Amino acid sequence: MRRVSAIPVLRYQADRRTLGFVATYFLLTLVAWRTPWPSPWMQLPVVLTLCVFSWFCAVITHNTIHAPIFRHRSLNKLFQVVLTQTYGHPVSTFVPGHNLSHHRFTETARDVMRTTKVRYRWHLLNLLLFFPKVAKGITRGEWAYIKRMRTEKPRWFRQL
């Protein structure tokens with residue numbers, strides 16, 4: 001059983017680590033952009049570390065959509081805005097492609113991001129070509145959902 005956080009606004013103690021990873025991402029971004037590097041090769045370790053932390057933030061985005069880290073809804077919304085800055089597009093767009101397609105119809109024809117869309121024998125090709133292969137379906141679903149939510153759920157639309 002998870003222990004409740006000692007920080008009253010967080011749901012669980014482990015959520016402090018999540019905030020630490022996100023803060024580290026922003027710190028690394030600042031270092032990468034603001035440090036006057038004498039050579040691009042000297043910047044490479046920071047950029048590679050930033051790539052790893054970008055992946056961490058993608059995982060954090062996924063997890064916080066399923067299990068928000070704060071006890072208060074307004075703080076979770078604010079955290080989604082922060083995560084949007086690490087992820088590169090609005091966290092709210094996870095809803096149509098991920099929650100309503102992938103989790104609802106996992107690995108079936110209605111799952112827009114099913115792994116069976118790429119079946120190359122060489123797994124590196126599967127890795128490299130998966131996103132380009134599913135991007136059109138994901139984007140189409142996102143725009144349809146956004147259009148529908150403008151009238152059905154205007155609060156969600158405003159959050160987006």
Side-chain angles (χ1 to χ4, degrees), residues 1-107 111-115 123-124 126-128 130-132 134-135 138-139 141-143 145-146 149-150 152-160:
M1 182 121 183
R2 292 190 240 174
R3 292 183 358 205
V4 175
S5 171
I7 303 171
V9 295
L10 294 174
R11 291 176 73 203
Y12 301 105
Q13 196 168 320
D15 292 330
R16 292 181 302 171
R17 183 175 44 228
T18 299
L19 294 175
F21 277 112
V22 174
T24 302
Y25 168 84
F26 284 110
L27 179 65
L28 286 168
T29 301
L30 183 67
V31 168
W33 279 96
R34 299 295 293 169
T35 302
W37 303 97
S39 158
W41 294 108
M42 294 179 76
Q43 190 177 14
L44 187 61
V46 174
V47 171
L48 292 175
T49 305
L50 189 53
C51 288
V52 171
F53 274 83
S54 293
W55 175 254
F56 291 162
C57 288
V59 173
I60 288 167
T61 299
H62 171 269
N63 291 345
T64 58
I65 291 300
H66 291 293
I69 69 168
F70 293 103
R71 293 180 187 272
H72 305 287
R73 186 179 185 145
S74 58
L75 289 175
N76 285 313
K77 284 184 175 187
L78 179 63
F79 192 55
Q80 283 187 10
V81 171
V82 171
L83 289 176
T84 293
Q85 304 307 306
T86 71
Y87 205 64
H89 67 275
V91 172
S92 298
T93 61
F94 251 76
V95 173
H98 186 77
N99 294 20
L100 299 179
S101 173
H102 179 64
H103 277 299
R104 191 169 178 193
F105 305 109
T106 305
E107 293 301 320
D111 179 359
V112 294
M113 52 183 75
R114 65 187 178 279
T115 57
H123 293 302
L124 181 60
N126 292 326
L127 175 69
L128 295 175
F130 177 75
F131 186 74
V134 301
I138 292 170
T139 304
E142 285 176 359
W143 282 112
Y145 188 79
I146 290 167
M149 290 304 106
R150 186 175 198 150
E152 286 182 30
K153 293 187 179 179
R155 288 179 72 188
W156 182 91
F157 182 80
R158 283 191 303 276
Q159 177 182 322
L160 171 73

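Quick caveat: nothing in here was measured; it's all calculated off a predicted structure.
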I'd like to know if the side chain of [X] and the backbone of [Y] have a donor-acceptor N/O pair within less than 3.5 Å.
X    : Y    : value
R11  : P68  : yes
R150 : F157 : no
R34  : V31  : no

Say you draw a straight line from [atom1] of [X] to [atom2] of [Y]; how long is it, rounded to the nearest 0.5 Å?
X    : Y    : atom1 : atom2 : answer
H123 : N126 : NE2   : CG    : 6.5 Å
R71  : D15  : CZ    : CG    : 9.5 Å
Y25  : L30  : OH    : CG    : 11.5 Å
T29  : F26  : OG1   : CZ    : 7.0 Å

Solution key, residues 46-57 side-chain donor-acceptor pairs under 3.5 Å, sequence neighbours excluded:
{"from": "T49", "atom 1": "OG1", "to": "P45", "atom 2": "O", "distance (Å)": "2.7"}
{"from": "S54", "atom 1": "OG", "to": "L50", "atom 2": "O", "distance (Å)": "3.0"}

By ring pair (Phe, Tyr, Trp, His ring centres under 6.0 Å) - contacts of W143 (at least two apart): none

Exercise: identify the closest heavy-atom pair between [X] and [Y]:
X    : Y    : value
V134 : M113 : CG1-CA, 3.9 Å
F21  : I60  : CB-CD1, 3.7 Å
Q159 : S92  : NE2-OG, 3.3 Å
T18  : F79  : CG2-CZ, 4.2 Å
W156 : M149 : CE3-CB, 3.5 Å

Does atom NZ (K153) have a neighbourhood of more than 12 heavy atoms from anything else shown, all under 6.0 Å? no

Would you please test F70 and T64 for side-chain contact (heavy atoms from CB on, under 4.5 Å) and show each step? CA-CA 9 Å; F70 293 103; T64 58; over 6 Å; no

Go through the steps for I69 and L19 under the test side-chain contact (heavy atoms from CB on, under 4.5 Å), then give the verdict. CA-CA 9 Å; I69 69 168; L19 294 175; 3.7 Å; yes

Less than 4.5 Å apart, any side-chain heavy atom of V9 and any of H72? yes

Does any non-hydrogen side-chain atom of W41 lie less than 4.5 Å from one of L44? yes

Could you list the donor-acceptor pairs under 3.5 angstrom formed between side-chain atoms of residues 84-91 and any protein atom two or more places apart in sequence or on another chain?
{"from": "T84", "atom 1": "OG1", "to": "Q80", "atom 2": "O", "distance (Å)": "2.8"}
{"from": "T84", "atom 1": "OG1", "to": "V91", "atom 2": "N", "distance (Å)": "3.1"}
{"from": "T86", "atom 1": "OG1", "to": "L83", "atom 2": "O", "distance (Å)": "2.8"}
{"from": "H89", "atom 1": "NE2", "to": "T93", "atom 2": "OG1", "distance (Å)": "3.4"}

For the pair Q43 and T35, evaluate side-chain hydrogen bond (donor to acceptor under 3.5 Å, both in side chains) and give the outcome as yes or no after the intermediate values. CA-CA 9 Å; Q43 190 177 14; T35 302; over 6 Å; no

